[in-house]
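Note that ligands are numbered from 1 as they come in the structure, with each ligand's atoms numbered from 1 the same way. All residue numbers refer to positions in the sequence shown, counting from 1. None of the values given here were measured: they were computed from a predicted structure. As a basis for the values below, the full set of heavy atoms in this structure was taken, side chains included, without hydrogen atoms, waters or symmetry mates.
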Amino acid sequence: MARKFIVGGNWKCNGTAEEVKKIVTMLNEAEVPSEDVVEVVVSPPFVFLTLVKNLLRSDFHVAAQNCWVRKGGAFTGEVSAEMLVNLSIPWVILGHSERRALLNESNEFVGDKVAYALSQGLKVIACVGETLEQRESGSTVAVVAAQTKAIAEKISNWDNVVLAYEPVWAIGTGKVASPAQAQEVHFELRKWLKDNVGAEVAASTRIMYGGSVNGGNCKELASQPDVDGFLVGGASLKPEFIDIIKSAT
Ligand code: G3H
């Protein structure tokens, strides 16, 4: 099955209402390939989700950057999957390395979050990736396989899951993975899915690359056979995000 290219913009904890409106205007005015060719998802901070959803062109979609692991309730500061569904937010990013590192989200916790979000009807961008230390010690594939396994153990349907391979050493550092490095890990992730989940899931599940993607390096990365899109941080706040979307063709 052909995998449709997907480009996500993770705005992280950035922006004011005015700045967010400017980015949306830039996106709305952009000429990009059609939705049949590339799926575009932008992920503003929670407080701007509705604002962005209401202003954004209808062929682009919105994602939350996180949601609570189970049904809502007495969990101060959290936002539940049900709330996102209630606001017609279709996507959520889970397991981002910043949350894994800064908020101690374990592989198992991320697996539970993915399963619960899917059970409520959300589509999930599930992030995996190794640290520099792990790469240098030769454990990259073992690390991303363990992160993926923790998700695979909790879910039975991968239709609404996109994996995002984001090497921690490449995030926000300007040190993008080389096309060969990205392809190698994407290939291994797909192989892991084939061996452990099934050939069909392996063939159809999209794997985005994230980590210092910009307008200059996206084209070559996009040409790799197992790179099915990008999860973009810093550059998603800038006009070059449009060039990254266009790298789908
Ligand atoms: O979710 C996005 C990634 O963390 C990549 O961020 O493009 O700023 O390196 P970056």
Side-chain angles (χ1 to χ4, degrees), residues 5-15 19-20 23 26-27 38-46 48-49 52 60-67 89-105 110 113-114 117 122-132 134-135 140 143-144 147-148 151 161-179 181-182 185-186 189 206-222 224 227-248:
F5 208 77
I6 176 165
V7 177
N10 178 6
W11 298 356
K12 306 192 179 184
C13 188
N14 288 297
E19 286 163 351
V20 159
I23 297 171
M26 183 260 295
L27 295 172
V38 57
E39 194 165 1
V40 179
V41 180
V42 295
S43 189
F46 280 126
F48 300 130
L49 275 172
V52 172
F60 286 9
H61 303 283
V62 178
Q65 295 176 17
N66 178 41
C67 66
I89 305 299
W91 284 91
V92 64
I93 298 171
L94 294 173
H96 192 281
S97 67
E98 286 150 13
R99 297 194 62 85
R100 289 179 187 265
L102 302 172
L103 296 154
N104 293 321
E105 293 198 2
V110 172
K113 280 188 166 191
V114 172
L122 290 170
K123 294 190 259 194
V124 174
I125 295 171
C127 304
V128 299
E130 83 288 2
T131 63
L132 185 58
Q134 290 164 333
R135 171 162 284 262
T140 296
V143 168
V144 297
Q147 291 168 333
T148 308
I151 295 167
V161 180
V162 177
L163 284 178
Y165 168 57
E166 300 206 307
V168 177
W169 48 270
I171 295 176
T173 59
K175 287 186 195 159
V176 66
S178 68
Q181 284 174 319
V185 180
H186 284 227
L189 276 170
R206 293 174 291 178
I207 308 175
M208 312 160 97
Y209 167 79
S212 295
V213 176
N214 62 36
N217 59 33
C218 56
K219 200 73 201 170
E220 208 186 336
L221 283 161
Q224 301 303 306
V227 173
D228 306 313
F230 299 117
L231 185 56
V232 186
S236 71
L237 302 164
K238 302 176 190 164
E240 68 187 297
F241 187 60
I242 305 305
D243 298 320
I244 299 172
I245 296 171
K246 288 181 181 166
S247 72

Using a plain distance cutoff, I'd like to know if Gly210 has any nitrogen or oxygen under 3.5 Å from a nitrogen or oxygen of ligand 1. no
Around atom NZ of Lys219, are there more than 12 heavy atoms from other residues, nucleotides or ligands closer than 6.0 Å? yes
Nearest heavy-atom approach of Pro179 to Leu221 is CA-CD2, 3.7 Å
Provide the number and element of each atom of ligand 1 under 4.0 Å from a heavy atom of Ser212. 7 (O), 9 (O), 10 (P)
If we only count heavy atoms from C-beta on, is the Lys123 to Glu39 side-chain gap below 4.5 Å? yes
Of all the non-hydrogen atoms in the protein, which one sits nearest to atom 8 (O) of ligand 1, and at what distance? Gly234 N, 2.8 Å
Ser43 backbone acceptor or donor facing Gln65 side chain under 3.5 Å: yes
For ligand 1, indicate whether the residue Ala170 contacts it via side chain, backbone, both or neither (heavy-atom separation under 4.0 Å). backbone
Select the closest option to atom 1 (O) of ligand 1 among Asn10, Ile125, Val232, judged by heavy-atom distance. Asn10
Nearest heavy atoms of Pro167 and Ala177, plus distance in Å: CG-CB, 4.5 Å
How far is atom 7 (O) of ligand 1 from its nearest protein heavy atom, and which residue and atom name does that atom have? Gly233 N, 2.8 Å
If every non-hydrogen atom of Cys127 is compared with every non-hydrogen atom of Glu166, which pair is closest and at what distance? SG-OE1, 4.2 Å
Nearest heavy atom to atom 6 (O) of ligand 1: which of Gln65, Lys12, Glu166 does it belong to? Lys12
Looking only at N/O atoms, are Ile171 and ligand 1 under 3.5 Å apart anywhere? no
Just checking Glu220: does its CD atom have more than 12 heavy atoms from other residues, nucleotides or ligands closer to it than 6.0 angstrom? no
Under 4.0 Å, counting heavy atoms only: does Gly172 come that close to any atom of ligand 1? yes
